[in-house]
Amino acid sequence: EVAEIQDCTFIECQATPNIFQITCVTSTHKLVLYRGSQDGELYDLRCDPCQLTNLWGVADVAEVQRTLQEKVWARGILDSVPRQLRTAFA
């Protein structure tokens, strides 16, 4: 028996020594947070599958943004040290 099913996927990326981002992807939305920044990105994957319109800070989706941010904060990912620094891009 499964006790819990994960409803989102987390992706860590440290593209440079100064840029660390964590992405939370659900079946409907994608949230990107940056360590040390108050800015981020939020996309509605149903209406905008190419992720062209950043909804970060838009009042109509504030509840979605808050919920996804809480998922990231609950995992403590932004506070942790990245597991491995990126050495190359594919």
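One is the number of the first residue; the rest follow in order along the sequence.
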Do [X] and [Y] have side chains that approach each other closer than 4.5 Å (heavy atoms only, starting at C-beta)?
| X | Y | answer |
| --- | --- | --- |
| Leu45 | His29 | no |
| Leu68 | Val64 | yes |
| Thr23 | Phe10 | no |

| What distance do Arg66 atom CZ and Gln69 atom CD have between them, rounded to the nearest 0.5 Å? |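 So the CZ of Arg66 and the CD of Gln69 are separated by 9.0 Å.
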Inter-residue atom distance Glu70.CD - Arg75.CZ, 0.5 Å rounding: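 So the gap between those two atoms works out to 15.0 Å.
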Looking at every heavy atom in both [X] and [Y], which two are closest together, and how far apart are they?
| X | Y | value |
| --- | --- | --- |
| Pro49 | Cys47 | CD-C, 3.6 Å |
| Val25 | Lys30 | CG2-CG, 4.1 Å |
| Asp7 | Lys71 | OD2-NZ, 2.9 Å |

Any donor-acceptor N/O pair, Gln21 side chain to Gln14 backbone, under 3.5 Å: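 It does not hold such a pair.
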- prompt: Can you list the residues that meet the side chain to side chain contact (heavy atoms under 4.5 Å, CB included) rule with Val58, with sequence neighbours excluded?
  reply: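 Applying side chain to side chain contact (heavy atoms under 4.5 Å, CB included) to Val58 gives Leu55, Asp60, Val61.
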Residues in side chain to side chain contact (heavy atoms under 4.5 Å, CB included) contact with Glu41, at least two apart in sequence or another chain: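 Partners of Glu41 by the side chain to side chain contact (heavy atoms under 4.5 Å, CB included) criterion, ordered by chain and then number, come out as Val32, Tyr34, Tyr43, Asn54.
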Self-check item: Hydrophobic cluster identity match, Leu33 and Ile11, side-chain contacts under 4.5 Å
Solution: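 Shared cluster, no.
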- Arg46: partners by salt bridge (Lys or Arg N to Asp or Glu O under 4.0 Å), with sequence neighbours left out: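 For Arg46 the salt bridge (Lys or Arg N to Asp or Glu O under 4.0 Å) partners, ignoring immediate neighbours, are Asp44.
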